Every structure is written in C-alpha cells, then in structure tokens.
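Structure record follows, encoded as structure tokens.
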Protein chains: 2
Amino acid sequence: MAQRRPTLRDVADAAGVHVSLVSRVLRNDPRGFASEATRARILRAAEELGYRADVSARGLRSSKTMTLGLLLPGFSSPVYSAIAHGVEERATRHGYGVVLGTHAAGDPHETISDLVMHGRVDAMLVASGRIEDAALRRLVGRLPRSVVLVNRQVRGIAASVVLRDGDAAASAVAHLVGLGHRSICGVFGPSTLDTMVRRRRGFTRAARALQVEASTLEVADRDSAAGYEGAVRVLRSRRPPTALVAGTFPMGIGVLAAARDEGVAVPAEVSVLSVHNDQSADYLAPRLTTVSLPAESLGAEAVELAMVLTSGGTARRVVVPDEPQLLVRESTAPPPR
Amino acid sequence: MAQRRPTLRDVADAAGVHVSLVSRVLRNDPRGFASEATRARILRAAEELGYRADVSARGLRSSKTMTLGLLLPGFSSPVYSAIAHGVEERATRHGYGVVLGTHAAGDPHETISDLVMHGRVDAMLVASGRIEDAALRRLVGRLPRSVVLVNRQVRGIAASVVLRDGDAAASAVAHLVGLGHRSICGVFGPSTLDTMVRRRRGFTRAARALQVEASTLEVADRDSAAGYEGAVRVLRSRRPPTALVAGTFPMGIGVLAAARDEGVAVPAEVSVLSVHNDQSADYLAPRLTTVSLPAESLGAEAVELAMVLTSGGTARRVVVPDEPQLLVRESTAPPPR
DNA sequence: CTGTTAGCGCTTTCAC
DNA sequence: GTGAAAGCGCTAACAG
C-alpha cells in the first residue's frame, strides 16, 4: 500500500522502450510518432501502472506549471463563489489546476507575488475589486502576459473579462418603465468598484433614453447592510421614487428589509429589483425580481483568456455576450395610483 | 521587464558563496550555521534580488509540494465558502498553497486522483458530503496519511474535523422549550449527510431530555427548496407543531417562505429556527433566529490536522470545541395561547 | 521511428 | 563553516 507513484521510467521499463519516447507518446508530441505497436504498448503500460506525470518535474523542466492562480477578496459575495466555480470547472477541462488566493484582510500584493514569484502559477486571474488601479497596473507591468482581470476593467490593462453590467441595469429600468414607473432610484455600491460604475451608467443612460426621472445613490458597500441603509434614506426622502433598483443581489435583500421596516409595501407602494440573481430570490418576501447575469461564465471566459495568453496570444477585453435575463417575480408591479 | 525569476544560483553569486549554503541558510537548515557575516550577506542578497524558491524545483527534490488540495462539491452552500476561506487563510499562514477541486457534476474520484496522483498536493482535505463512505475508505486506503475529512466522519477513517452539530441542534431545542414550546418538529436534510445525522441526533436527544414531543422529517436535500417543501408538509399535517427547527440555514429560508405561503404567522403561530447562521439572517422577514457554528474554523482546523499528518503525526478526530451560539432574532417566540 | 544527452532549480549527502 | 557533486522526474535538442 501507499507505494511510490510510478514514474516515466517505470512505464518505459514495462513497455521496453526509452523514457523519452514514452514522454513523447503520452504527450502526443508531434515528434513522437511511435509505431502503432509500441505506441499501444506504452499506452497500456501507462494505464496499467496508473501513471500520472509529476507536475513538479514537468513544471521544472518546461516552466509550465499547468496551474492558474485565482485571487479573490474572499467569499463575501455569491458572485465570488460563482467565479471560483466557473474558473475551476473550465481550468480542469484544460488540464489546469487552480490555486486559491484570498486576501480578506491581508495584503493582496503579498498573495499575488507569493503565488507568482514562487513559480506556482502560469497566470493569475484577479477577481478582486479592492485593489487599486495603480497597484494593479504596477503588478501587470512586471508580469506582462499573465494577468487576467475578472469582472473588472482597468485602463492600461488589456486582458479582462466582464459581463454586460450596463445592459443589465438598463434592462431593469426598461422593465420598470414598462410597468409605468416614472420616478426610479438606483442604489449602487461604491464607485471604486467598476461593476458598480458600469451598472450606474447603464441605469442612467437607460433612464435618459426612456425619459424618466432617475436618481442614483452611492453607498459605501455593496452588501445587504449597505442596501438597507441606502433604501432607508431614499424611502424617507421628501419625494420618494416609486421604484428602487439595487446594484447587487445582497443589496436587494437589504432594500426589501428596509421597505418592510419603514412600513412601505412592496410592490404595492414601491417596486424593488436587483441586478444579479441568486437562488434565494425565490424565498424572499416578496420574491425578488432580478436581472440575471452569467457570473459563472465570467470565470470560464477568464480561463479561456488565460489560455490564450500563456500560449503567446494577445490580450483582449472580453465582454461575455450573454444577454442579461430579466426574471420577473413578485417585487415589481405598476406604481400606485 | 518581465525578467526571469532569480534563482538560488543568482543569490549565491551575489553573495559570493555556494548555492548549497544559500539553500541551507534560507531554510534555516540546522546543518547550515553560516558565520554571522556570510549569513547576513546571503540574506541581503536574497532580499535585494527578491528571491523566492521555485516550488516545482523544491517539490521535485524534496517531494513536498507545500500544497494542499481542497475537494468541494461546489459552492452551493455558504458553508463551503466558509470552509474554503478558512482553509486558504490557515494554509497561507503555514506557507502552503491551496488547490481547489470541485465536482459539482463530475466524478469526485477523478478530481481527487488527478490532484493526488499528479503529485500536485501533499494532502487532501475532503469536504464533500456526496462521496459514499465506501469510496472514501478505498481512497484513504491508498493514500493513508494524507486525507482529512472536513465536516464529516466516516467509520474507518481517523483524520476528520467536525463541529458540534449535535449540540447546536440541542441548543435550538432548549431555546424553544425555554420559550414554552412542547411540540417541535425538526426538518433535516438526507441522512446520507452525516452533519444531518448528527444534528438530528442532537435534536432528538435534547427533546427527550427535556421531555417534549418531538418529531423529525427527512427531506431529500438541504437547500431552501427542500426546507420549503418539508415545512409545507409539516404545516399541513393534522396536528402541526408550534415550532420548526431547520437543519441548515438555507432550509431555514425555505421554511420561512413556506410559512408565509401557507398563511401561518411567524413567530405568532409557529416559531422557526435554523442550525447555522448567515449574514442574511438579519434581512429575512422575520429576521431568523439561528444557532451559529464556526464554519471557518472547520477549514482552519482541517489544515492543522493536515500539517500534523504530513509531518508524520498521527491522525485524530477533531471536534472544534467552540460552543454553538444561539442568536435570538425575531422568528422565535412563546407558542400561541 | 527511437535512443542519448543535458539540464530545469533545488536539496542533500558527503567531503574538506 | 563551507563547497562539490549527485539526482528528484521530466522535457527538449540532437543523433542515429
């Protein structure tokens, strides 16, 4: 039991050939066209011994670790979980491993440089909104072809993947206007997060295009507490809107709670809607209408872009094309009167 | 820019010594007591060059990858996010990396064996409830000292870390009984998940000890939908209980929604309580009373146990000692009448 | 078609 | 105290 893992050597011996040939055959190296007979023998031997290439050895020799680093600020938001899941799944499909780096409290630089500088990873996927642009640019400057921004764009950094955040917000506005609303307020997280900026822009643009009165409120965070706080302020204002758009799903939960605490009926007196969907939307009171964005694709596409980069391709800005999906539930209705 | 990473060789040259000495000094190898002077020179050179040992090379030579594998079924439940976070944080503190393996759809065996057999990791932390006991035992049989079960115990596998699930459920019962409830129902997920089994046992034991009427219902899953479905059945039964305990937080959300849809007021007509807490508890209607369990510690303790194992220590069953915390919010109250 | 020969960057005996 | 040399398991030139 627990014997040592078989090496290339073991396979070669079993097949009666040289290790290098085994290596080539197993990797489908173009220069390794063995005769059908030996090829079969090698494959069988490898199979029988349960041979798996040692990634350390391979990495050392070829300086490809077959590993991607994923930097997250933590798992505070369901979006991060979705990204992680999408990344892991797609990376696996390409034979890549994923090493996790979070930096809830700590210094993101430390995390990144540890991963990259120890030669642990071939590329870094950075899905943290909290690192400043300048710091990010500095980092990318030192590691030109191996950083992909996820759910974020930064001037001067070419490789990034984002969703149609603006369109999602616009679609929320369109839905409300279709219902008859003429006065809508958007509650968004801090404009240091570029998803929030894009959603706010989409919101404002759509409102202008549809000629409705629209205001936005920026709050300090993008969690339920921030949504709650923002909604309280809006609902207590002199002329409250008839509809509220929350910048994130957790914020939507907060907005709903605020309306309840303020004694404002949803959707009878005010409609509520959030950008981004979540499983639990169906279990809120009332069930929250949302605009769904494919967060898992974000991870998958980021991996694809990383694959392109590591194989010498050129960086691009990717926008995941999936149309935002409006999911009408119970929290939106025509305005009162 | 983007120059190649400095090697041991570079540091040695800069310090005017041999690589082997650098290696020993940098690792604080007991056999490497350099004179204070050279020691200082080496340290300075390494610092200046920004030297970081290449993990592949180190792994190849010492067959220690300084990497832990974390197997999750996905990020379906917030508990998995918490575990991942706890693992990552603690592993980093020990200088270990974490590679993620999920198997939402795919074959968990593939994931595990890929990770382990490619020599990617020194140990595997298995936090999936979905793999069958037998399969797990088989796996551990082949990799004796490198598998740690997280949030799960399996007969025949010594290394595991769990929380005080039973006590958490018991504490929920105690709270309800203290409020005056005499008829309580527990809705738990499938008994193939041993957290569910432990919670159900704790529930039943506490009810018996406190001499109240208690029944349990097993539903097919442990998400909001399952909680909803279970609660509907309970609330429509001939003699519904005055209180419901949900086996997980998502189930608690579902139970709340079911009560609302069935027209049963919470907490006036029925009290609801969940095992496990979550941020969003404060934003539900009504705010959900929960029993909090330290899910992040689960990850941290699993890493500690893995450290023990990889350094030749003996496997043990760890129960994270933290007392479950009852967080009373709005969903529990004395029974009607 | 297949084998030989060098290392990748590091740790680890064993010398001096 | 420090250096020399070997080699972890693999891939990549170059031979044949």
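Chain naming here is simple, since letters A, B, ... match the order of the sequence lines and numbering starts at 1 in each. All values derive from a computational prediction rather than experimental measurement.
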Legend entry - N or O in side chain of A:S23 less than 4.0 angstrom from D:dC10 OP1/OP2: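 The answer is no; no side-chain N or O of A:S23 sits under 4.0 Å from OP1 or OP2.
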
To the nearest Å, give me how far apart [atom1] ([X]) and [atom2] ([N]) are.
| X | N | atom1 | atom2 | answer |
| --- | --- | --- | --- | --- |
| A:L8 | C:dG7 | CG | C1' | 16 Å |
| A:R5 | D:dC8 | CZ | P | 14 Å |
| A:D29 | C:dC1 | CG | P | 14 Å |
| B:H118 | D:dG9 | NE2 | P | 15 Å |
| B:R9 | D:dG3 | CZ | P | 13 Å |
| A:R52 | D:dC10 | CZ | P | 13 Å |
| B:Y51 | C:dT11 | OH | P | 6 Å |
| B:L26 | C:dT11 | CG | C1' | 13 Å |

Legend entry - Given C:dG3, D:dA5, C:dC8, the nucleotide with the shortest approach to the side chain of A:R24: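 Looking only at side-chain atoms, A:R24 lies closest to C:dG3.
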
Legend entry - Listed nucleotide nearest any side-chain atom of B:H18, set D:dG3, D:dG9, C:dC10: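 Selected nucleotide: D:dG3.
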
Touch class at under 4.0 angstrom, heavy-atom based, for [X] against every strand present:
| X | value |
| --- | --- |
| A:V19 | nothing |
| B:S35 | sugar-phosphate |
| A:R27 | sugar-phosphate |
| B:L60 | base |
| A:T38 | sugar-phosphate |

Legend entry - Which residue lies more 5' along DNA chain C, comparing B:A57 with B:R31 via nearest heavy atoms: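 The residue whose closest nucleotide sits nearer the 5' end is B:A57.
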
Legend entry - Heavy-atom pair of closest approach, residues B:Q153 and B:D194: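 Closest pair (atom of B:Q153, atom of B:D194, distance): N-OD2, 2.9 Å.
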
Legend entry - 5' precedence on DNA chain D between A:S56 and B:V17 (nearest-nucleotide basis):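 That would be B:V17.
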
Inset, instruction - Check B:V162, B:V308, B:L305 against B:V318 for a side chain to side chain contact (heavy atoms under 4.5 Å, CB included) and give me the one that passes. - result: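 Among B:V162, B:V308, B:L305, the one that satisfies the side chain to side chain contact (heavy atoms under 4.5 Å, CB included) with B:V318 is B:L305.
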
Legend entry - Whether over 12 other heavy atoms sit under 6.0 Å from A:R27 CZ: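 It does: A:R27 CZ has more than 12 such atoms within range.
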
Inset, instruction - Please confirm whether any donor atom in the side chain of A:S20 sits under 3.5 Å from an acceptor in the base of C:dT4, or the reverse. - result: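 For A:S20, whose side chain was compared with the base of C:dT4, there is a donor-acceptor pair (under 3.5 Å).
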
Inset, instruction - Go through the N and O atoms of the side chain of B:R61 and the base of D:dG7, and report whether any donor-acceptor pair is under 3.5 Å. - result: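 Answer is yes: a donor-acceptor pair is held.
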
Legend entry - B:T67 and A:R120: side chain donor to acceptor below 3.5 Å: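 The criterion, which ignores hydrogens and geometry beyond distance, is satisfied for A:R120 and B:T67.
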
Legend entry - Salt bridge A:R58-A:D54, side-chain N to carboxylate O under 4.0 Å: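 Not counted as a salt bridge, because no side-chain N and carboxylate O are separated by less than 4.0 Å.
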
